Amino acid sequence: MDFALLFAYAVHAGTPLLFATLGEMVTEKSGNLNLGVEGMMLMGAVMGFQVGIATSNPLLAVVGAAAAGALGGLIFAFLTVTLRANQVVSGLALTIFGTGFAGFFGQKLTGKIVPGPITTFFGEAKVPLLSDIPFVGKILFAQNLFVYFGYVAAIALGVYLFHTRKGLNLRAVGENPAAADASGINISLYKYTHILLGGALCGLGGAYLSLVYVPTWKENITAGRGWIAVALVIFTTWSPYRAIIGSYLFGCLDIIGFRIQDLKIKVSPYIIDMLPYIVTIVVLVFISMRKSKENAPPKGLGNPYFREDR
Amino acid sequence: MLFRIIKRTDLTGTQAVMFRTAAVFLALLTSSVFIIILGNNPFEVYASMLEGSFGSVYGIKETIIKTIPLVITSLGIAVAFKMKFWNIGAEGQIFMGAFAASYFALNHADIPRPALLVIMAAAGFLVGGLWALIPAIFKAQFGTNETLFTLMMNYIALKWVTYLQYGPWKDPGANGFPKIANFHDNAILPKVFGVHIGWIIAIVLIVIMYVFIHHTKRGFEISVIGESENTARYAGMNVKKIIITSILISGGICGLTGMIQASAVNNTLAVEVTGGVGYMAIITTWLAQLSAPVILLVSFLFAVLVQGGAYIQTAFQIPQSVASIIQGMILFFVLGSEFFIQYKLILNKSILKKEAKGGI
Amino acid sequence: MNKQAFIQIKDITKTFGSVVANKDISLTVYKGEIHALLGENGSGKSTLMNVLSGIYSPDSGSIFIDGKEVRFSSPKDSIELGIGMIHQHFKLVDVFTAKENIIAGQSGSFFVGSKKLSKQIKQISEKFGLDIDPDKKIYNMSVGEKQTVEILKVLYRGANILILDEPTAVLTPLEVEKLFKIMKNMKEAGCAVIIITHKMHEVMEISDRITVLRKGETIGTVDKKDTTPKQLTEMMVGRHIDLSIKRVETTGKEPILKVQNLTVLDEEKVKALNDVSFELSKGEILGVAGVAGSGQKELCEAIAGLYPVADGNILYEGEDIVGKNPREIIKKGISMSFIPEDRLGMGLVASMDMVDNLILKDYQNQKGLLIDRAPVKQKAEMLIKKLDIRTPGIHHPVKQLSGGNIQKVLLGREIESNPHLLITAYPVRGLDIGASYTIYDLLNEQKAKDVAILYIGEDLDVLLELCDRIMVLCDGKLIGIVDAKTATKEQLGLMMAGEEMEQEKGVESVV
């Protein structure tokens with residue numbers, strides 16, 4: 001078995017997860033738990049595909065996908081930030097809506113194929129020099145532009161969160177909104193912008209599926225990947241850097257099922273499918289057992305903030 | 001700020017119901033836009049959704065069959081929510097309940113029917129309860145986030161059933177088609193008035209849960225804990241023990257749904273056995289404000305939406321996804337309306353006065 | 001002193017639901033002065049300062065800074081005008097370092113350069129004599145260090161109006177000295193400093209002028225050089241009013257509760273009660289006086305089995321009940337009733353009706369799985385008549401009743417259980433005069449039945465007239481126990497501020 005090829009394919013399969021994970025991560029960093037990832041991915045997937053078919057322009061397709069995901073985020077933000085609705089229920093409602101949205105716009109797209117210009121644009125693009133690195137080069141640098149954008153997005157998000165003022169403020173909002181408020185940070189603004197950004201990233205994850213990974217339209221194209229992304233945020237303990245590795249690892253688990261027979265390992269692929277969730281639980285329990293302050297969920301996660309509550 | 005937001009204390013129950021009803025109508029109005037885009041008349045579509053749910057004996061039966069699991073699961077979830085234990089693991093608990101019941105259905109079909117059905121129900125209840133207990137223990141012991149934990153447990157349960165269906169429990173007689181063998185007749189719940197007995201179970205459970213919450217000590221304790229753990233401790237309650245046993249009941253009821261669906265609806269164990277009921281029920285429970293009788297009403301309305309949605313697909317060639325959009329819209333509007341039930345906006349008079357003075 | 005009004009607060013009113021926290025409060029602060037805001041618990045000091053720092057928006061009234069009217073829609077607006085508030089409950093992000101907390105919400109370069117900022121912060125902290133490691137995480141810090149970070153946060157923003165809410169409560173004497181030095185430095189620099197406190201010696205030491213608030217209203221503003229602690233105490237607690245609460249005389253002197261060397265630790269491992277010992281006899285009302293947070297809550301909860309005891313004994317009729325949980329105490333048949341301070345958060349279930357709230361403490365004595373509410377319904381009807389509880393019915397949620405009626409439900413429930421010992425914390429808080437008298441009568445009725453009562457109060461007039469003896473707590477320590485017949489308000493006020501009074505007449509020795 002060619003491991004380099006297998007891992008390269010894992011990166012390919014992990015890219016939609018990476019975008020969705022980053023999206024959910026940045027949302028959770030603002031203190032809001034959005035369980036509508038699956039819905040936002042679907043919205044992005046269908047809108048990206050629709051725009052792609054209509055314009056044959058890869059960039060417009062990607063922008064359309066991000067906008068659709070952000071629209072999902074906007075609905076969620078309005079409900080949970082402005083109207084203080086329950087976050088879990090709002091997220092689930094968003095998933096139902098997103099599924100309907102994708103089905104609605106996707107009914108005439110079923111079976112259609114991504115136009116040539118887009119497929120070419122997102123075809124394999126080797127990075128000069130780097131792709132010549134033995135083994136690693138083949139895995140990481142003989143991919144398409146969208147995958148590279150994933151690296152950039154993750155690293156940029158990491159830098160943003162941990163090395164910029166805005167990132168610092170965002171983390172303050174998610175950890176302790178009352179303290180952030182007293183420091184003069186506009187809580188609602190930060191929540192809105194980052195929930196929208198999160199939605200856009202989830203939309204991009206969906207677009208990767210419909211434009212690159214599949215690349216035709218089919219019903220329920222995300223197949224539960226949105227929920228894996230929620231798990232991945234925990235698994236990678238809210239770090240965009242670890243999200244890269246985590247996503248590709250889960251991507252590997254996603255595709256390994258079919259190939260496991262080659263390895264002569266007698267484990268059912270369906271049991272392997274369980275692994276992401278089991279390890280996520282282990283991580284979750286481990287965090288709570290250590291009572292560690294670091295790598296823990298943002299303290300304000302799930303609670304609406306109302307300044308004059310007392 | 002032009003408005004100040006303050007908590008309401010003056011809203012009557014009737015007014016709250018009016019707010020929510022208005023929200024539903026607004027949602028239907030907004031959904032009309034989508035229907036009009038499709039080139040259909042929204043009134044016709046809504047009317048035929050009702051026709052699909054009530055227009056025929058078949059439609060009514062289907063609506064009831066879709067109501068049953070929603071009601072039972074919501075009742076289970078309500079117990080956990082009442083204690084502010086955000087159990088979103090009903091989906092997994094249904095799977096595991098169905099799995100346990102199926103084990104007896106597939107392996108012990110020789111047991112007489114009433115006994116087998118009771119054993120299946122008990123197994124479903126127990127395993128569903130234990131499945132819910134795992135996150136509860138970690139929550140009680142280490143404070144592990146139960147929302148994320150129960151969510152993960154759903155997927156483990158789903159993959160477990162998938163594994164059984166494609167692996168060890170696959171029916172060899174199905175020509176390689178990945179399905180588990182149908183249950184023996186002994187393992188299938190009987191019908192009463194043309195609909196499986198689940199509807200009676202649901203009604204009985206509504207009564208039981210109503211009595212449980214309102215007239216038993218444990219129900220009383222659950223209500224107190226949900227309101228304030230401090231008060232519960234003050235009154236001498238053993239908070240941890242109460243939470244754990246109640247979660248067992250909560251998960252158990254969801255597990256029972258699994259048994260009923262596997263036995264009466266699917267006649268076997270399959271990945272489709274939950275049909276997403278576990279997630280939908282979270283929403284119905286929340287909208288029903290955890291009240292057992294209201295759960296019946298809300299679940300029924302949701303079943304009408306689902307059944308009506310399936311009907312318009314055949315009647316108008318309108319995709320079923322429109323029903324999902326309408327559902328989503330209704331949820332958004334009803335969730336949003338809660339804000340106006342709990343808070344009211346007060347015009348900042350001092351600003352107005354100021355502007356009146358300053359503005360010529 | 002530059003006599004230009006820097007901050008002018010005019011007729012601020014702020015209500016929370018039906019509670020009026022500030023009523024037409026006015027306050028003027030000049031540049032280059034340290035202004036103390038003095039008042040008992042609940043007098044509205046913190047609310048007023050939260051309005052000034054933009055956290056609460058007032059119902060009416062106006063604020064002028066430097067002569068210009070300002071309107072805050074968020075703390076950001078107030079920060080921009082140079083107002084910095086150090087809250088009593090720190091507003092810090094636990095997982096951040098000191099530096100990160102200090103710069104959060106600040107504008108500046110897009111990236112956060114690590115070294116340069118650390119250096120900058122070090123410079124400021126050295127300038128003001130504050131010692132802090134900028135890269136230390138908040139969760140690793142002591143309370144004193146956390147406060148230093150809060151102060152640095154404000155200084156870093158270059159605030160010229162500094163508000164400190166009870167800043168010295170958690171500091172060591174050395175740290176207090178440093179803090180006062182910083183405050184004086186700021187004053188020299190022409191800033192305005194407002195300090196909320198209840199410690200008289202600090203007021204006299206640090207402030208230039210003092211404004212006294214009582215029950216949400218301004219009582220007056222005085223210059224320090226023209227006033228005395230005695231006058232301030234009087235302003236704070238009000239002149240002695242003859243309330244004519246009758247004191248029931250009982251003969252019993254048999255002790256029922258003995259507290260010996262009781263010490264408890266709070267979450268920060270600070271002693272919330274420090275070596276407290278006292279006795280309570282049947283038919284006696286023992287008052288507990290002290291500013292808020294002096295250990296009253298911990299004392300009540302420790303006796304009721306709700307708060308872990310670090311050291312000492314609590315003997316109830318000779319039996320040590322330390323280490324027993326509330327249920328065991330109830331099961332043992334100890335007839336003790338605790339009426340907590342937090343009526344709706346601990347004593348009662350807010351959204352439940354009267355019947356369910358009455359059953360709360362004794363449903364466990366019923367047999368079987370079901371709850372029988374029938375007998376309790378009668379009890380509820382009886383209580384409504386007996387205590388004149390105004391409610392639309394026994395099935396009305398208690399949170400919708402008025403404060404006085406809520407208190408009657410709570411007190412009624414406890415009295416109906418025929419206790420031998422009654423602990424009650426602030427039973428008349430938020431009640432009007434009429435309702436308060438009903439409560440006093442109820443307590444006296446119990447006393448006449450030989451019930452021992454521990455009464456945690458805040459109104460000194462009431463304590464003096466209702467109780468037999470009064471013990472004063474300050475910072476978790478028992479300052480003294482005085483005979484209520486001979487003690488005076490001023491004496492209590494000074495003891496509450498921590499002045500030892502053992503040598504004076506009328507104080508029992510407490511060891």
Side-chain angles (χ1 to χ4, degrees), chain A residues 33 35 39 75-76 78-80 82-90 92-107 219 224 227-228 230-231 233-234 268-278 280-281 284-291 296-297 301-302 306-309, chain B residues 4-7 34 37-38 86 88 134-135 138-139 141-145 147-149 151-156 158-168 276 279-280 282-283 285-287 309 319-332 334-340 342-343:
Chain A
L33 175 66
L35 293 183
I75 296 172
F76 179 80
F78 183 68
L79 285 173
T80 58
T82 303
L83 298 181
R84 298 169 199 165
N86 178 291
Q87 295 179 7
V88 169
V89 181
S90 302
L92 292 175
L94 180 57
T95 290
I96 292 179
F97 177 79
T99 311
F101 183 93
F104 179 80
F105 286 101
Q107 55 161 336
E219 280 268 324
W227 300 104
I228 295 204
V230 176
V233 174
I234 306 163
S268 160
Y270 303 102
I271 296 290
I272 303 240
D273 276 356
M274 249 186 236
L275 277 177
Y277 306 102
I278 294 176
T280 299
I281 287 177
L284 190 62
V285 169
F286 193 66
I287 293 169
S288 58
M289 273 171 75
R290 276 196 318 166
K291 302 247 179 282
L301 191 61
F306 178 24
R307 186 184 294 149
E308 297 204 15
D309 260 341
Chain B
R4 284 189 300 122
I5 298 165
I6 64 165
K7 276 204 170 120
F34 282 90
I37 291 176
L38 280 178
W86 303 117
I88 59 169
I134 299 169
F138 281 99
K139 163 91 172 172
Q141 211 58 36
F142 306 113
T144 313
N145 182 319
T147 307
L148 300 173
F149 202 133
L151 180 64
M152 296 304 121
M153 295 290 279
N154 288 344
Y155 281 89
I156 295 176
L158 168 67
K159 299 294 172 188
W160 172 244
V161 172
T162 314
Y163 164 67
L164 292 176
Q165 185 177 337
Y166 286 75
Y279 294 110
M280 185 85 86
I282 293 168
I283 295 166
T285 312
W286 184 259
L287 294 185
Q320 203 170 350
S321 53
V322 169
S324 294
I325 290 185
I326 297 173
Q327 272 179 31
M329 284 290 178
I330 290 179
L331 289 171
F332 290 154
V334 174
L335 284 170
S337 73
E338 290 300 309
F339 176 80
F340 298 97
Q342 284 193 25
Y343 301 96

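Bear in mind the structure is a predicted one, so any value in this text is a computation, not a measurement. Per chain, numbering begins at 1; letters A, B, ... match sequence-line order. Reckoned from all heavy atoms, side chains included, excluding hydrogens, waters and symmetry mates.
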Exercise for review: Let me know if B:Leu148 has heavy atoms under 4.5 Å from chain A in its side chain, its backbone, both or neither.
Suggested key: both
Point to revise | Interatomic distance, A:Leu301 atom CG to B:Asn145 atom CG [nearest 0.5 angstrom] | key: 7.0 Å
Review point. When only pairs under 4.5 Å are counted, which of A:Leu275, A:Ile271, A:Val230, A:Val89 shares the most heavy-atom pairs with chain B?
Key: A:Val89
Revision key, fill the gap. Between B:Ser321 and A:Gly100, the two heavy atoms sitting closest are CB-O, 3.3 Å
Revision key, fill the gap. Cut-off 4.5 Å, heavy atoms of chain B, and the answer for A:Ile234 is side chain
Check your understanding: Given that the side chain runs from C-beta out, which part of B:Phe138 has a heavy atom under 4.5 Å from chain A: side chain, backbone, both or neither?
Key -> side chain
Review point. Contact part of A:Ser90 toward chain B, heavy-atom cut-off under 4.5 Å: side chain, backbone, both or neither?
Key: both
**Study point:** Atom of B:Thr144, atom of A:Ser288 and distance for their closest heavy-atom approach
**Key:** OG1-OG, 2.7 Å
Revision key, fill the gap. Separation between CD1 (A:Ile96) and CE (B:Met329), nearest 0.5 Å, reads 13.0 Å
**Study point:** Residue part contacting chain A, namely of B:Leu164, when any heavy atom lies under 4.5 Å
**Key:** neither
Practice item. Assess the pair B:Tyr155 and A:Tyr277: is the distance between their ring centroids shorter than 6.0 Å? Key: yes
Revision key, fill the gap. Closest non-hydrogen contact found for A:Phe97 with B:Gly328 is CB-CA, 4.1 Å
Point to revise | Contact winner vs chain B - A:Ile278, A:Thr80, A:Leu35, A:Val285, heavy-atom pairs under 4.5 Å | key: A:Val285
**Study point:** Heavy-atom pair count under 4.5 Å with chain B, highest-scoring of A:Val88, A:Val233, A:Leu94, A:Leu33
**Key:** A:Leu94
Review point. Measuring heavy-atom distances to chain B, does A:Thr82 have an atom under 4.5 Å in its side chain, in its backbone, in both, or in neither?
Key: backbone
Exercise for review: Using the side chain to side chain contact (heavy atoms under 4.5 Å, CB included) rule, take A:Arg84 and B:Tyr343 through it: C-alpha gap first, then chi angles, then the decisive distance, then the call.
Suggested key: CA-CA 10 Å; A:Arg84 298 169 199 165; B:Tyr343 301 96; 3.2 Å; yes
Practice item. Could you grab the distance from atom CZ of A:Phe101 to atom OG of B:Ser324, nearest 0.5 Å is fine? Key: 13.0 Å
**Study point:** Stepwise side chain to side chain contact (heavy atoms under 4.5 Å, CB included) test for A:Leu83 and B:Leu335
**Key:** CA-CA 8 Å; A:Leu83 298 181; B:Leu335 284 170; over 6 Å; no
Exercise for review: Run the numbers on A:Ile281 and B:Ile156 for side chain to side chain contact (heavy atoms under 4.5 Å, CB included), then give the verdict.
Suggested key: CA-CA 10 Å; A:Ile281 287 177; B:Ile156 295 176; 3.7 Å; yes
Revision key, fill the gap. Cut-off 4.5 Å, heavy atoms of chain A, and the answer for B:Met153 is both
Practice item. Please round to the nearest 0.5 Å and tell me the distance separating atom CG of A:Asn86 and atom CD of B:Glu338. Key: 10.0 Å
Exercise for review: Test side chain to side chain contact (heavy atoms under 4.5 Å, CB included) on A:Phe105 and B:Phe34 and set out the steps.
Suggested key: CA-CA 10 Å; A:Phe105 286 101; B:Phe34 282 90; 4.3 Å; yes
Review point. Relative to chain B, which segment of A:Leu79 carries a heavy atom at a distance below 4.5 Å: side chain, backbone, both, or neither?
Key: side chain
Revision key, fill the gap. Scored by heavy-atom pairs under 4.5 Å with chain B, the best of A:Ile75, A:Thr95, A:Ile228 is A:Ile75
**Study point:** Parallel, tilted or perpendicular, as decided by the 30° and 60° cut-offs, for the rings of B:Tyr279 and A:Trp227
**Key:** parallel
